Amino acid sequence: MDWITCTKTFVTVVEQGTLAKAASQLNTTSSALSKRLSWLEQQLDVQLLKRTTRSLTLTDAGELFFHKSQGLLHDWQQLVDETTSTYGEVSGVFRIGAPLTIGSRFLVNYLAEFMARYPKLKVELHTISPGDLPDLNLDIFISRELQDFNSSSYIAKKLYDFQPGFFASPLYLENHDPILKPDDLLEHNCLLFGGPDFEQPHEFEDGTRLKLKGNFSSRNPEALIGAAVAGMGILLSGANNVRRELEKGLLVPVIPTLKKPMQTAYAYYPKLDYNHTKTHLFLAFIQEKSQFT
């Protein structure tokens with residue numbers, strides 16, 4: 001028995017909810033896990049779990065030990081991975097957080113190449129709600145600029161600039177009145193990002209102000225892009241988000257000179273006491289791409 005193995009066992013049991021599921025996860029037996037938990041409680045001289053044949057319940061001491069252990073085990077694994085990466089091939093798990101649009105529309109275009117370059121690396125891509133602050137358990141978080149991020153705990157690195165503009169399918173444009181000037185958009189159905197409000201005021205780089213209206217809104221960017229391709233309306237989006245559709249001719253720009261003010265995407269990553277090799281390799285890889293500034 002040792003502290004790390006038994007603590008990992010305890011955390012896995014709590015996360016999985018049952019000894020049987022944890023045993024399957026750890027490729028061992030429920031009996032073996034039970035012995036590790038007993039050893040851990042004996043060493044700590046406290047009860048961590050209330051166990052019955054049907055359930056596991058954390059004690060107050062177990063609740064404290066569980067949450068603290070999660071962070072310590074994560075830090076320990078990071079240390080092991082960093083040591084290995086510094087003196088050998090990059091390996092371990094790299095945790096990336098990003099809003100759905102950036103994750104599914106931007107990062108996936110490059111992750112295959114990045115992982116082919118570092119074949120021993122495993123990547124977890126976590127979807128984060130727009131505007132949420134970074135999670136300390138993530139190695140890197142990619143988002144538009146955050147105003148309230150903790151600069152004492154995180155480093156912010158500029159990745160690229162982008163300007164949302166208007167796009168529509170050729171089918172939609174063929175079946176509707178021409179769009180030659182900004183005010184023409186007021187007579188068209190716009191696909192709106194957000195909640196139940198079907199009117200949205202927008203101000204553009206040249207000072208133009210428009211109240212866009214439409215009959216379809218969603219917080220899912222994939223749904224909005226799909227709706228635009230299906231000819232349901234005009235989409236306001238960054239060009240990077242619809243690059244595949246533009247390349248295939250499924251969408252085309254509408255009034256290309258009318259754009260939102262320039263925005264910037266940043267990478268946020270924790271300040272650590274050691275050089276986080278995987279993060280720096282990923283940032284260097286992304287910045288190789290010609291469209292980044």
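None of the values given here were measured: they were computed from a predicted structure.
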Would you name the heavy atoms of [X] and [Y] that are closest together and state the gap between them?
{"X": "Ser237", "Y": "Phe167", "value": "O-CE1, 3.1 Å"}
{"X": "Ser143", "Y": "Tyr268", "value": "O-CE1, 4.4 Å"}
{"X": "Asn220", "Y": "Phe193", "value": "N-CE1, 4.5 Å"}
{"X": "Leu121", "Y": "Gly92", "value": "CD1-O, 3.5 Å"}
{"X": "Lys211", "Y": "Leu186", "value": "O-CD2, 3.4 Å"}
{"X": "Ala230", "Y": "Leu171", "value": "O-CD2, 4.2 Å"}

Original post:
How about Asp206: does its CG atom have over 12 heavy atoms from other parts shown lying under 6.0 Å from it?
Top reply: yes
**OP:** Inspect the surroundings of CD in Glu187 and state if more than 12 heavy atoms from other residues, nucleotides or ligands are less than 6.0 Å away.
**Re:** no
First locate atom [atom1] of [X], then atom [atom2] of [Y], and finally report the distance between them rounded to the nearest 0.5 Å.
{"X": "Thr9", "Y": "Gln25", "atom1": "OG1", "atom2": "CD", "value": "11.5 Å"}
{"X": "Lys8", "Y": "Leu72", "atom1": "NZ", "atom2": "CG", "value": "12.5 Å"}
{"X": "Leu236", "Y": "Leu210", "atom1": "CG", "atom2": "CG", "value": "10.0 Å"}
{"X": "Phe65", "Y": "Leu40", "atom1": "CZ", "atom2": "CG", "value": "4.5 Å"}
{"X": "Arg244", "Y": "Leu246", "atom1": "CZ", "atom2": "CG", "value": "11.5 Å"}
{"X": "Ile4", "Y": "Ser69", "atom1": "CD1", "atom2": "OG", "value": "11.0 Å"}

**OP:** For Thr57 and Leu49, run side-chain contact (heavy atoms from CB on, under 4.5 Å): C-alpha distance rounded to whole Å, both residues' side-chain angles, the deciding distance at 0.1 Å, then the answer.
**Re:** CA-CA 6 Å; Thr57 306; Leu49 288 168; over 6 Å; no
**OP:** Decide yes or no on side-chain contact (heavy atoms from CB on, under 4.5 Å) for Thr59 and Val46, but give the supporting numbers first.
**Re:** CA-CA 9 Å; Thr59 64; Val46 294; over 6 Å; no
Quick check: does any side chain N or O of [X] sit under 3.5 Å from a backbone N or O of [Y], one acting as donor and the other as acceptor?
{"X": "Ser38", "Y": "Ser34", "result": "yes"}
{"X": "Gln47", "Y": "Gly62", "result": "no"}
{"X": "Asn189", "Y": "Ile234", "result": "no"}
{"X": "Glu41", "Y": "Leu48", "result": "yes"}
{"X": "Ser218", "Y": "Ala223", "result": "no"}

Original post:
Same cluster or not: are Leu281 and Met115 linked, directly or through other Ile, Leu, Val, Met, Phe, Trp or Tyr residues, by side-chain heavy atoms under 4.5 angstrom apart?
Top reply: yes
Original post:
Can you hop from Leu125 to Phe114 via hydrophobic side chains spaced under 4.5 Å?
Top reply: yes
**OP:** Determine, step by step, whether Thr264 and Asp161 satisfy the side chain to side chain donor-acceptor pair (under 3.5 Å) criterion, reporting the C-alpha distance in whole Å, the side-chain angles of both residues, the deciding distance to 0.1 Å, and the verdict.
**Re:** CA-CA 4 Å; Thr264 302; Asp161 293 323; 2.8 Å; yes
Have a look at [X] and tell me which of [options] forms a side chain to side chain contact (heavy atoms under 4.5 Å, CB included) with it.
{"X": "Phe204", "options": "Gln163, Lys259, Arg209, Lys260", "answer": "Lys260"}
{"X": "Phe166", "options": "Ile255, Leu235, Leu212", "answer": "Leu212"}
{"X": "Val242", "options": "Val252, Leu224, Ile225", "answer": "Ile225"}

Evaluate the side-chain proximity of [Y] to [X]: yes if any heavy-atom separation is below 4.5 Å, no if none is.
{"X": "Pro164", "Y": "Gln263", "value": "yes"}
{"X": "Val11", "Y": "Phe66", "value": "yes"}
{"X": "Lys157", "Y": "Leu283", "value": "yes"}
{"X": "Thr208", "Y": "Leu258", "value": "yes"}
{"X": "Val123", "Y": "Val93", "value": "no"}
{"X": "Ile142", "Y": "Leu159", "value": "yes"}
{"X": "Ile96", "Y": "Leu138", "value": "no"}
{"X": "Val13", "Y": "Leu56", "value": "yes"}

**OP:** Start with the C-alpha gap between Gln70 and Lys68, add the side-chain angles, then the distance that decides, and say whether side-chain contact (heavy atoms from CB on, under 4.5 Å) holds.
**Re:** CA-CA 6 Å; Gln70 277 186 312; Lys68 293 290 186 180; over 6 Å; no
So [X] and [Y], would you call those rings parallel, tilted or perpendicular, with 30° and 60° as cut-offs?
{"X": "Phe285", "Y": "Tyr110", "answer": "perpendicular"}
{"X": "Tyr172", "Y": "His188", "answer": "tilted"}
{"X": "Trp39", "Y": "Trp3", "answer": "perpendicular"}

Original post:
Hey, is Arg95 close enough to Glu124 for a salt bridge, meaning N to O under 4.0 Å?
Top reply: yes
Subject >> Where at least one partner belongs to residues 15-35, residue pairs that pass salt bridge (charged side-chain N to carboxylate O under 4.0 Å, His left out), sequence neighbours excluded >> reply: none
Original post:
Looking at residues at least two apart in the chain, or sitting in another chain, which of them share a side chain to side chain contact (heavy atoms under 4.5 Å, CB included) with Asp60?
Top reply: none
Subject >> Under the side chain to side chain donor-acceptor pair (under 3.5 Å) test, residues paired with Lys181 that sit two or more places apart >> reply: Asp184
Original post:
When you look at Phe94 and Ile140, which way does the side-chain contact (heavy atoms from CB on, under 4.5 Å) test go after all the steps?
Top reply: CA-CA 8 Å; Phe94 185 51; Ile140 193 168; 3.6 Å; yes
